[in-house]
K.L.:
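Handing you a structure now.
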Amino acid sequence: MLLLDLYVFQAIRTVSGERSRLTVTVIYWVFSAVCLILLLSFPYIQSLQASTIFRNYIFAILAGLLFAKLIGSVFFLLDDIRRGALWLMSRIFPTTGASFAEGGQGISRSVFLSWLGLGMGGGLFGTLLYGFSNKYNYQLRRVSLAFPNLPPAFRGLKIIQISDIHSGSFQNKPAVQHGVDMLLREKPDLVLFTGDLVNDRHTEMHDYMDVFGRVTAPMGVYSTLGNHDYGDYVSWPSEQAKRANLEKLKEVHGLLGWRLLMNEHVVLEKEGQQIALIGIENWSAKGRFPKYGRMWEAYPGSEKYPFKILMSHDPSHWDAEVRPKYADIDLMLAGHTHGFQFGLETPFFKWSPVQWVYKQWAGLYREGKQVLYVNRGYGFIGYPGRVGILPEITLIELT
């Protein structure tokens, strides 16, 4: 970060006037020093780690500035390469090389590229700041899915999927309540939650039990665990404390009235006909995420049912294990990616940096007879905002 600050500062000096250069220099380096001190302090100061404001906003602003500087540095580097090439030509061809030097009375190429780099970096940073206002801008997405093997009694079944609540990030309870009101207005037959109820600790749900306790449906509310629910990203005083936190979180699901599926399946019945709902713990094909899920425990016994829904938090599970080994699982519901909370979506095009990591990262995917839907997440973590990829409540109608 310090090297990046030094590099960006050279561009700022290039576009600064003589009169303002000292003021700009002092402001720039005081601000940079504060950023570095905060980041270096974060792992060692518990109050910073526990502070929602710091974890949400300050840390996000620092990360946003870092990315903005990286974007700007691309243009500064282009200018440095250009100037280096000119210098080299003037040494190799001392007579003709001078003709490639800049001339004229307009703005120099160096100043132009410096302004362009600062503008692009500033534009990115401004976009991230704007995204703060979108974190509770819930979108209801309606999806109709036809399956020829679906029992007739289940045709027209309305399923609401929500995922990645991350209650530890919330700071606006009425806004969160508004999203739950949107969900309940759809009068779903069944609600499925696909993991990450909290960021780390079960206590994060204390202020939101009354909000999510209202989520009910005639056929029940079922849930699974996501990677954040295990407390793997916290330094616990002991392994026992970590296990106790997980057990308390499981109890939270029960107190909400949600049936937590832990590597098991249940049978859903309607008008004498049955389908299977399978729920497993977090299982990821990505090396840095855990494989707690045990399909070999959850799946047996579900073979006899004509239609199967799998709840599995991480969408990488679909290609890595579900499709190769369990070809009769008709619909898998996942979350986890949040669509990176940053990207671009239109009716014809969608893009997000997360697609460089996850092949399936938002919305509907089909392979043969099998279907995967990846929810974009109800909550947020890390960056307290949304740019282009808005928080989602999914209404799936089976036909």
Side-chain angles (χ1 to χ4, degrees), residues 1-36 38-40 59-132 339-346 348-358 361 382-383 385-389:
M1 284 187 66
L2 183 58
L3 290 173
L4 188 60
D5 279 335
L6 286 166
Y7 194 50
V8 171
F9 179 65
Q10 303 308 312
I12 291 178
R13 279 177 57 87
T14 299
V15 300
S16 298
E18 290 292 338
R19 293 183 179 179
S20 61
R21 188 162 292 171
L22 178 60
T23 303
V24 169
T25 299
V26 171
I27 293 173
Y28 181 87
W29 284 112
V30 167
F31 189 75
S32 295
V34 170
C35 291
L36 283 168
L38 285 172
L39 282 177
L40 291 171
F59 194 81
I61 289 171
L62 296 179
L65 284 170
L66 176 63
F67 283 115
K69 290 173 184 177
L70 285 171
I71 293 294
S73 294
V74 172
F75 295 90
F76 309 152
L77 182 61
L78 288 174
D79 181 50
D80 286 341
I81 293 172
R82 180 192 65 81
R83 289 189 292 111
L86 287 174
W87 177 86
L88 186 61
M89 289 182 69
S90 69
R91 290 295 182 271
I92 298 173
F93 307 105
T95 303
T96 59
S99 64
F100 292 93
E102 298 180 20
Q105 301 301 314
I107 184 173
S108 72
R109 291 185 181 91
S110 290
V111 172
F112 171 75
L113 287 171
S114 295
W115 274 117
L116 183 60
L118 292 171
M120 293 295 291
L124 172 65
F125 185 63
T127 300
L128 292 173
L129 291 179
Y130 165 75
F132 289 169
F340 202 65
Q341 298 172 208
F342 182 92
L344 177 64
E345 283 198 273
T346 73
F348 313 103
F349 173 80
K350 66 178 181 181
W351 171 88
S352 168
V354 78
Q355 71 189 52
W356 300 327
V357 181
Y358 284 88
W361 57 275
Y383 168 53
R386 295 270 186 162
V387 177
I389 312 292

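For this chain, numbers begin at 1 and follow the sequence in order. Small disclaimer: the values here were computed from a predicted structure and weren't measured.
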K.L.:
Quick one: pull up CG in Leu77 and CG in Leu70 and give me the separation to the nearest 0.5 Å.
P.N.:
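Spacing of CG (Leu77) from CG (Leu70) equals 12.0 Å.
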K.L.:
What distance separates Met1 CE from Ser32 OG, expressed to the nearest 0.5 Å?
P.N.:
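Here the rounded value is 7.5 Å.
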K.L.:
For Phe132, enumerate each residue passing the ring pair (Phe, Tyr, Trp, His ring centres under 6.0 Å) test, keeping only those at least two apart in sequence or located in another chain.
P.N.:
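Once residues adjacent in sequence are excluded, the partners of Phe132 under the ring pair (Phe, Tyr, Trp, His ring centres under 6.0 Å) criterion are Tyr57, Tyr383.
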K.L.:
How long is the span from the CH2 atom in Trp351 to the CZ atom in Phe340, to the nearest 0.5 Å?
P.N.:
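One gets 8.5 Å once the value is rounded to the nearest 0.5 Å.
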K.L.:
Side chain to side chain contact (heavy atoms under 4.5 Å, CB included) with Leu2: which residues, sequence neighbours excluded?
P.N.:
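Residues passing side chain to side chain contact (heavy atoms under 4.5 Å, CB included) with Leu2: Trp29, Leu36.
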K.L.:
Taking Gln341 for its side chain and Gly385 for its backbone only, find out whether a donor-acceptor pair lies under 3.5 Å.
P.N.:
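Such a contact is found between Gln341 side chain and Gly385 backbone.
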K.L.:
Say you draw a straight line from CZ of Phe76 to NZ of Lys69; how long is it, rounded to the nearest 0.5 Å?
P.N.:
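Going from the CZ atom of Phe76 to the NZ atom of Lys69 covers 10.5 Å.
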K.L.:
Looking at every heavy atom in both Thr127 and Phe342, which two are closest together, and how far apart are they?
P.N.:
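So the minimum-distance heavy-atom pair works out to CG2-CE1, 4.4 Å.
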K.L.:
Do you know which two heavy atoms are closest between Gly339 and Ser352, and how far apart they sit?
P.N.:
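Of all heavy-atom pairs spanning Gly339 and Ser352, the closest is O-OG, 3.0 Å.
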K.L.:
Return the minimal non-hydrogen interatomic distance between Leu4 and Ser73, and the atom names on each side.
P.N.:
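So the minimum-distance heavy-atom pair works out to CD1-OG, 3.3 Å.
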K.L.:
Can you name the closest pair of heavy atoms from Lys350 and Gln355 and give their distance?
P.N.:
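Heavy atoms of Lys350 and Gln355 come nearest at O-OE1, 3.9 Å.
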K.L.:
How far does CG of Leu65 sit from CZ of Phe31, to the nearest 0.5 angstrom?
P.N.:
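Rounded to the nearest 0.5 Å, the CG-CZ separation comes out at 5.0 Å.
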K.L.:
Determine the minimum heavy-atom distance between Val387 and Leu128, stating which atoms define it.
P.N.:
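Distance-wise, the nearest heavy atoms are CG2-CA, 4.4 Å.
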K.L.:
Is the side chain of Gln10 donor-acceptor paired with the backbone N or O of Tyr7 at a distance under 3.5 Å, no angle test?
P.N.:
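No; zero donor-acceptor contacts below 3.5 Å.
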